[in-house]
Each structure stands twice: as structure tokens, then as C-alpha cells.
Amino acid sequence: MRAASAALSSPFSSARRGHPACRRAPLIVKPGIMSTRYNARTAEPKWQKAWEDSGSFLTRSEAEAEGRPKYYVLEMFPYPSGKIHMGHVRNYTMGDVIARFKRARGFNVLHPMGWDAFGMPAENAAIERKTHPARWTYENIATMRSQLKAMGLGIDWTREFATCDPEYYAHEQALFLDFLSKGYVTRKKSNVNWDPVDNTVLANEQVIDGRGWRSGALVERRELTQWFLKITDMAEDLLAGLDTLTRWPEKVRLMQKNWIGRSEGARVFFSFAGNDSREPLEIYTTRPDTLFGASFCAISPGHPLAAELAAANPAMADFIAECQRVGTNEAALEKVEKKGMPTGLFLQHPFDKSVTLPLYIANFVLMEYGTGAIFACPAHDQRDLDFARKYDLPVRPVIAPKDLEAAALQAFLADLATTATEAFTGDGVAVNSGFLNGLDVTSAKRAAIEKLEELGIGAGTVNFRLRDWGVSRQRYWGCPIPVIHCGDCGVVPVPKAELPVRLPDDVTFDKPGNPLDRHPTWKHVACPSCGKPATRETDTFDTFVDSSWYFARFCSPKAETPTDRAAVDYWLPVDQYIGGVEHAILHLLYSRYFSRAMQGTGHLGLAEPFEGLFTQGMVTHETYKGADGRWLFPEEIVMAEDGSARHVETGEAVTIGPIESMSKSKRNVVDPTSIIDQFGADTARWFILSDSPPERDVQWTDAGAEGAWRFVQRFWRLLTEAAPDLSPVGTPGLALDQFSPEALALHRTSHQTLAALTDDIENLRFNRAVARIYEFANSFSASKADGPDGAWAKREALEFMVIMISPMMPHLAEESWQVLGHTSMVVDTAWPVADDALLVEDSVTIAVQVNGKRRDEIVIARDAEKALIEKAALALEKVEKAIDGKPVRKVIIVPGKIVNIVV
RNA sequence: GCGGGUGUGGCGGAACUGGUAGACGCGCUGGAUUCAAAAUCCAGUUCUGGUGACAGAGUGUCGGUUCGAUUCCGACCACCCGCACCA
């Protein structure tokens, strides 16, 4: 057998070391000659078909579950961009390991797959390649589905859907109508990025340096009336709910908390001074305790009052326009200098009518937060101080550090009022603040709010950074918003019986703008209420709407209502959700909101849809740059012996760049399909799980993938060589005293590995699980166990090993299971339970330290007396030498762990 | 600026609640096998010194607690991520 296999050519046989182009020679295995080589190319499709034929991964209903507890594993569904990438391989492999593992552990598992299929790339493809978005999308889905199937994922494909299926979005429209009637939805004006050349609305990511990505035109802000889901109404609950999500990463909860951005403060009305008859100006502050330190007020350039004033003042209009131009500038990279312009208006101090404060328009005041207007206390706010120093406005300190001596206090206040450039924002006591004097910050806030409420000019309030979720998109390839605009009746919901509002197929993308809007007939309908001519809403939903409830639809994908209550009540919450951390905020927050809204409209019975969340790291790869500065694909590179790189064709030197996450733009991508073709899905799965902890980035390397492939072959060789000498299937176990020491050691190792690996997978520590298998394989190879007891121990070891690799390398496991003489499939085999009695050893190795430094070790009975351990430790030659005749002051003995002799 | 995270061999990374640092993999070195290579197998591989047994140093830096610290505490440095004028 050996001789035959030695003649085989491996995929690497012609490879010069480090030469990817050569390494990628296809895996050619000639049947017959190569019986000792594992042939993934024939085995993998065979077992994929076997699983499909036996319906291995079809989901059982609650009634069919026969008391098995349910377990819902979900990976974030993919956008059908064309082909799967390594990030998908990592994400779906992890989910599959959990799904298969839980299934073997006796759970009734739901593990579905679908497609997040609406979105702009389909429209871009339509423009660039003249294909219809639907065609482009469904073709991509077909490609990616077959790629995912080639990975051998244990998925119930009968539940598959795409969000662009009318059967899906019909229910999304129904949900929206329910939300609408429940008062969860509102329409209001909102700014969009408008491309004046293409006459189209741009998403934020289509605006690059203030210009449209396609036209290059300067982007304008335009106000449109748009649909909003009132997520802010649930801000408090969304925040509170975070505390219950104990199986979410702390980091994600924190990010959501910051995003929601709850703050407590006060709204205060400032009356205009003099004879001004305007309504009082409403401001928001978190520091009502510093009201006595007010030195001016400011409104945002976007404030309605600013617009009003600008109408009569061209200089002010110019200033506002300048501010807004800066506002569109991406990322606000440089700290924009604080600038303002006096309005000429003055306001009365709420607590002291004799004090008037000038009102500015200031570029640092945000319209989107609070009321778009502030009062400024420069002494205790850095921004206000910067502004005050620039425009020479008064600085009035009203909070001082506690327990300052009189002289120090005077010096502190004088400095802050005159020259200090750093505001004092710490805790302290109120000074120069009338009725607040002497109170600490917290009490002063409370007292100030009470006073405002008493005077009827303000109130304590809670404010959120979170804003309502604008769901309108002026695009074709999305779910139509099911409403009709009637001249007489206003906004009229489409009757549910008429759902879905389907997208028309006959659209063109030769002109800019929304094809729905310019379609000759689609939008013209009769008003459902009065029957007069009316028009459809031509906006479609943000695609985050589609992905905010798909997890619920998977529970009953064919139901005639959005959800089947019995099904969602059984399956939800998702027990383990897995995806990229890039969705930590929006997708996950929107889904949490949707659950609450669906709960409120009776479609669901819970508020938190994802009980366990895991955010996996990215897949990275080295980058390569040619002499001309262009990025190169890994397969265009040849590595030389000395580690330098050359171009495979031109031979010119290539610069090896930093390791970065795989991206098309940097070309540092490896195509999963070519990996599967050459090594098989199991190798790809095994490698992507090994090496790095799943939450961290993993670097894809050729050497690592080859290492995984070598292990597949090694495992197969180990198994096929040992198989003839194993005891027959089903041979009863032996009593412990019937084992030889070697066989007993292997028997123990089997159970110890099983216990440890089970724990690792349970906790998603896949890299450690992989390492344990390697360790186990090493000790199996080294085992000297023989005879009937050895044959039994070896069978047990191999059976455990096959079962343990089965969630990770399912095809190899099935093939191996057969070699072991089984007629059933591993996928139908229960996960074994480790025997606790075998987990602890009778004797333990204890390190012996002298003054904390390890000198030697002793092997001694686990339950040995302390005195015995001490005696054994002191008797060691090396220990004696280390003690060197010095008096022993103390001997610390931790049974089973360590001995430390202090001299 | 604010918040969070991470720093361990040539590389990716192990080390349970403070108890033998470097499991496992990659790479590398030597050997076996081979006409030769590939594959495979065996041995070695933290660093420094020594032929060697061995000795010393060592988990980003500095300090602390402890019989004992990768682990706990304090200060600092570097990198990564999120938010970024949030009143």
C-alpha cells in the first residue's frame, strides 16, 4: 500500500517550494491505484447527495421533535453579489459546526439559508451590463447556492427564500401596514444627498468627498418627505433590553448603548429680550446647573430661525451656506474651527431677567441633536470656551472644585474667567449661582430643573442620540412601500388583499432617476378609498427592513401571514446568531426594534430576537504590488526561496505589502471554489477553523491550507491502516482492570479529548478543538496498545475521532465511518458522552519549585498526603542542589498542582 | 478628544477560577526512505552562554501585591476598532 501511494502525485508534487501557481495543480486521483489516498473530489459530492437523499437536515416541527429541545442556529444571510468569498466560508462553516454538533447532541435544529437580495449593486449591474436587476440577482443566487452546497453545509434548503421574492416582500408590506395602523410609522421631511447631474438621490456611501460617485458633481442637500419608523419611541426599551443580552459580546452592547446615546438634561425656553414678539427659543442642555454661567446662546445653521433670519440678510445666508458645505464634507477629518455669526437678537436669562444674552448662529451646533439650539456656559464646556475666547465673550465660572481654600478658589475662578483655555468639566460645588450656591453638580441640576418647572419655562427631559429610522429609498430594486397618494384622501394604505405591490418588470435604467417614478403606467392607480385617480408611492424600503425580520420568516417560510405564531413561538429566539461585527449597530438594532414592533402588532411573542450573538473576525491575506504600483492577485505571484516575490509571467519584482482583510480592490483574495476544487471542502473548513480564535481575524495562507490538506490525508492513512486490526463494530466494552496500561492510557485519552473538545465547541473555541484533534491523532499514532484490549481501545479512539471531526469535516467523517465498518451515517450518530471516571488520572505530575523557580518534577498518586509529597520533593537531587544547604523556611504544597520550597 | 479591545518564539496562537509559559499548527534544521525529487516517517526548534550535563534571562515597558504573576493592581508605550463638535 505504501509503495503504491508513494508513486502518487500529490497536488504539490510539481511544486517548487512556495510557488502557488504550481501548488494549485488539480487534485487528480486515479481510482484503483490510490486506495490509500483520500479523494475529496469523489467523496464530497457523494455524501452531499446522501444527506440530501435521506433528508438529514430537514427541520422537524415541534410535534415531530419527540421532545428534543429546539436549537436555532443562524448565520447572517448573504448578499448575492456574485460569488461567495472566504468570509462566507468562515461564517457558514462556524454555523454549520454548531448546527451539526447540536444535532448530534440531541437537539431539534433549525439551520436555514436565504438571500438578502434587494439593493443597489443590482441596479448598478443593470446600468453597466444592461441586465435586469432580477435576472442578475437570481443568477448570482444560483451560483452562490451551488457554491454553498459544495461546502457541505447542513442546511434545510427547503426553507430558502430571497428577500426580492414577491412571496417574501408581500409579507413585509403587510407588516408595514400593521405598523402604520399601530402608529409606529410617520412621514416627515428629511434631507437627502441629491446629485444634480444624474438627477438622483445618492446613498451616503455614494458620496465621495462631497461629489457624486458616478457624475462627479457637487452633491446638494434636498428636502424630501419620507417614511420613518419611529424607533426613538422605543429607545428606552432598546437600551434597557441590552442588559438582558448576556450572550452578546460586551463590545456590541456597548456600541449599541453609545449609539442610542441616552442623556438626561433639561429643555429650557429662553424669551427674546426687548420688544421681540417671537416665540421663546427652546434649547436642550445636560448642564442646567451651569445656567448662571450662561454667556450666550447659539442655534444651528440648520435651525428654522436661522433660515428666517437669512432671508433678510444675505451675509447670514452666505455664512449658513458655508457651514453646510463643510457639513457635507466626509468624516469631518480635520477639526473644523468653531465659527459663529451674531444674529443681532438677544435673549433673557431664565433666572435673571436683567441679564441678556446674545444669540449666535454657530457652526458647531447640530440641528439633529436636541433642539438645534443651545445656551453656552464657556467656563464648563470646552466648545463654548473655544468659541468665547475667539469672539471675546464673557466667561463666568459657576462650578468650583470642592474643598478649595478661599485664596485657591479665588485664583481658580479668576484664571478660568480670564485666561484659561481648558474648561472645568469636573464635579464640584456651585458658586455665583444664586439659589444653587453650595450644591454639588447633581443636586444643582435637580434644583435648577425644579425651578424651571416651577417658573413654567422648562422641564427635565431625557434625550437620545438615536434618530428615527428613515426607510424611504428613491430606488427601483427594493420592496415597494405599499401606500397610495390621493389628492383628496391623502396617504391611503394599499388594502392587504391587494398585496403584494409588485415591482414592474418592464423598466429601463438608461436614464438617471427612479424607474418606478417614470414608468408609464405602474404608479397610476385608483384611490382605494374614493376611487379617483391617484398615484402609488414610488419609494422602496431601505434593505435593512428586509433583513430585520427574515429570521422570523425562516420559522415558517411558506406561511400565508408574515409569521405563523406557533412556529415563531417555538423557534425564536435564535439561539446562536453569527455574523460580522460590521453589523453590530444598524442591522442588529433594527432587528431588535422590528421584534418589538412585530410583538406590538401580534406577529411575534418576544422583544429580543437573538439570544446568543457571535461576531466573527475577518479573513485576511498578504497584499502584493507590482512594479507599476498595481495590486496583484495571489495567483500572479511566484515566491522565491529567499521569500522575495516575482510576477509569474513577467518575472519582475513584486512588493509584498501588509496583511489586510480580503478585498476585491486590493486583489488579495482567494476564491473558495478553487480551494474546494483543489483540496476539497473539508480542507477549507478545517483550515478556516484552525489557527486563529474565531472572533479574531484569520490569515489565509497557502502553507496553512496545505497543512490542513496534509492532515486530511494523514487522518485517512491513520484510519485505513488501523482499521483491519480493530475489534469488530459493537464489541462490548471491558472492565478497567482488563486493560493493559497502554490500552488504558488510550482509552483515557479518548475520553479526555472528547470532554475537552465538547466543551470547546460548546463555547465556539474552534481553534482549540482543532488543536485537540491534532493532539489526539499524535497520541493515537504513538500508542503501543495491542491485543484485544488494544484493538478495542483503538476502535473507540477512532470512532470518537471520527465523530469529533464530523461537525468540522463532515465528508471525511462519513467516509471514515464506513471504513470503520458502519452502515449508518455519522450524521445520524449521537455524540458520545465522556466517562467522568476516566477524566482524572490516578497519578499526577507535580512541578517542584525552589523560591518560585521550577527545578524538577515528581510523579505521585493524585491523593498523596502532603507530608509524602514534601518528602518526595525534598529528596530530589536537583532540589537539594538548588537549596544548597540554606535553611528551608517554608514549603507550600498545592495538592495536584505544585510544590514551592522557600529558602 | 471620548469609549472599548489587544500586546506571549521566526509566524498564527495555547495556558481552566494566580500554580511546570510556549500546547497545536506553520516555518526552519538534521536524519531515514528515494537514482533524484515530492509525499511520508523520526528527531530537534523561546533566547543567550556551553561540545555537554547545565546555568541565566524571558509573556509590550516600569513599578506593586504574593511563597509563586501571561493571569491581580497602578502608571506608561504601541497598535486595532467604534463614536466623533451629541451641549
Side-chain angles (χ1 to χ4, degrees), chain A residues 2 5-18 37 249-252 254-255 257-259 261 263 265 283-287 290 298 331-333 335-338 362-366 368-377 380-384 386-387 463-466 581-582 584-585 643 687 690-693 695-699 701-708 710-711 713-714 717 756 759 765 767-768 770-778 781 845-857 878 881 889-894 896-903:
Chain A
R2 246 323 146 63
S5 74
L8 296 176
S9 74
S10 87
F12 316 118
S13 58
S14 61
R16 308 280 298 269
R17 188 177 343 125
R37 217 144 241 250
E250 193 56 46
K251 176 190 161 105
V252 174
L254 193 69
M255 280 164 73
K257 186 183 169 196
N258 292 339
W259 189 261
S263 71
I283 64 97
Y284 173 74
T285 182
T286 55
R287 295 296 301 272
T290 63
L333 281 173
K335 268 192 177 169
V336 183
E337 197 190 353
K338 289 180 181 42
N363 66 347
F364 69 91
V365 181
L366 303 175
E368 301 81 24
Y369 187 78
T371 61
I374 60 162
F375 90 88
C377 176
H380 306 293
D381 183 285
Q382 192 59 47
R383 295 155 303 183
D384 298 349
D386 294 345
F387 193 87
N463 193 55
F464 293 94
R465 201 189 85 107
L466 183 69
V581 74
E582 66 272 20
I585 299 175
F687 175 61
S690 64
D691 277 8
S692 292
E695 68 277 10
R696 263 195 245 176
D697 289 354
V698 64
Q699 191 192 346
T701 60
D702 289 329
E706 286 157 20
R710 271 201 300 273
F711 181 70
Q713 295 305 336
R714 184 180 159 213
R717 202 166 44 241
D759 190 54
R765 293 187 293 240
N767 57 321
R768 296 212 311 200
V770 167
R772 295 209 199 275
I773 294 289
Y774 277 116
E775 237 175 330
F776 190 24
N778 290 345
S781 298
T845 306
I846 296 178
V848 181
Q849 300 178 335
V850 177
N851 283 346
K853 192 176 287 270
R854 180 184 171 279
R855 292 296 172 181
D856 204 351
E857 57 189 32
K878 287 176 190 169
K881 201 176 146 202
R889 286 202 306 163
K890 200 171 172 188
V891 178
I892 288 142
I893 297 168
V894 183
K897 296 243 161 127
I898 206 158
V899 177
N900 192 9
I901 299 161
V902 186
V903 299

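The figures here come from the full heavy-atom set of this structure, side chains too, leaving out hydrogens, waters and symmetry mates. To find a chain, count down the sequence lines: A is the first, B the second, and so on, and within it residues start at 1.
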Distance below 4.0 Å between A:Asn767 side-chain N/O and B:rA14 OP1 or OP2: yes

B:rG49 versus B:rG58 - spacing of their C1' atoms, nearest Å: 15 Å

Euclidean distance, atom CG of residue A:Asp697 to atom P of B:rC80 [Å, nearest integer]: 12 Å

A:Asn778 side chain near B:rA23 phosphate (N/O to OP1/OP2, under 4.0 Å): no

Touch class at under 4.0 angstrom, heavy-atom based, for A:Arg696 against every strand present: sugar-phosphate

Between B:rG10 and B:rC76 - C1' atom distance, rounded Å: 29 Å

Base-pairing mate for B:rC72 - Watson-Crick or G-U, with both contacts under 3.5 Å: B:rG64

Who pairs with B:rC41 - Watson-Crick or G-U, where each distance is under 3.5 Å: B:rG31

Nucleotide nearest A:Pro693 when distance is taken to its side chain, options B:rA87, B:rC41, B:rA14: B:rA14

Nucleotide nearest A:Thr286 (side chain, heavy atoms from C-beta), chosen from B:rA87, B:rG12, B:rA23: B:rA87

N or O in side chain of A:Lys878 less than 4.0 angstrom from B:rC54 OP1/OP2: yes

Nucleotide of B:rA21, B:rC85, B:rG82 approaching A:Gln849 most closely (side-chain heavy atoms): B:rA21

Sugar-phosphate, base or nothing in reach of A:Val365, heavy atoms under 4.0 Å: base

Sugar-phosphate only, base, or nothing, as touched by A:Glu775 at under 4.0 Å among non-hydrogen atoms: sugar-phosphate

Below 4.0 Å: OP1/OP2 of B:rG68 and any side-chain N or O of A:Lys897: no

Sidechain-backbone polar pair: A:Asp856 side chain, A:Lys878 backbone, donor-acceptor under 3.5 Å: no

Any N/O donor-acceptor pair, A:Lys338 side-chain to B:rC85 base, under 3.5 Å: yes

Side-chain donor/acceptor contact of A:Arg287 with base of B:rA87 under 3.5 Å: no

Touch class at under 4.0 angstrom, heavy-atom based, for A:Leu254 against every strand present: sugar-phosphate

Listed nucleotide nearest any side-chain atom of A:Ala771, set B:rA23, B:rA87, B:rG13: B:rA23

Touch class at under 4.0 angstrom, heavy-atom based, for A:Thr845 against every strand present: base

C1'-based separation of B:rC72 from B:rC81 [nearest Å]: 26 Å

Point-to-point distance, once rounded to the nearest 0.5 Å, from CZ of A:Arg37 to CD of A:Gln713: 5.0 Å

Contact under 4.0 Å: A:Arg37 side-chain N or O vs B:rU40 OP1/OP2: no

Rounded distance in Å between the C1' positions of B:rC35 and B:rA43: 26 Å

Exercise: identify the closest heavy-atom pair between A:Val252 and A:Ala584: CG1-O, 3.6 Å

Counter-base of B:rA36, judged by Watson-Crick or G-U geometry with both distances under 3.5 Å: none

Complement of B:rG18, any strand, by Watson-Crick or G-U distances under 3.5 angstrom: none

Assigned partner base of B:rG82, Watson-Crick or wobble definition, under 3.5 Å: B:rC2

Donor-acceptor under 3.5 Å (A:Arg465 side chain, A:Trp259 main chain): yes

Selection from B:rC41, B:rA87, B:rG19 that lies nearest to any side-chain heavy atom of A:Arg717: B:rC41

Sugar-phosphate only, base, or nothing, as touched by A:Tyr774 at under 4.0 Å among non-hydrogen atoms: sugar-phosphate

C1' gap between B:rA69 and B:rG63, integer Å: 14 Å

Touch class at under 4.0 angstrom, heavy-atom based, for A:Ser690 against every strand present: nothing

Any A:Arg854 side-chain N or O less than 4.0 Å from OP1/OP2 of B:rA21: no

Watson-Crick or G-U wobble partner of B:rG56, both distances under 3.5 Å: B:rC47

Syn or anti conformation of B:rG9, syn meaning chi within 90° of 0: syn

Nucleotide nearest A:Tyr284 when distance is taken to its side chain, options B:rA87, B:rG25, B:rG27: B:rA87

Between B:rG7 and B:rA14 - P atom distance, rounded Å: 9 Å

A:Tyr774 versus A:Ser690, side-chain donor and acceptor atoms under 3.5 Å: no

Phosphate OP1/OP2 of B:rA55: any A:Arg855 side-chain N/O under 4.0 Å: yes

Rounded distance in Å between the C1' positions of B:rU17 and B:rA84: 39 Å

Touch class at under 4.0 angstrom, heavy-atom based, for A:Val894 against every strand present: base

Separation between the P atoms of B:rA21 and B:rA57, rounded to whole Å: 13 Å

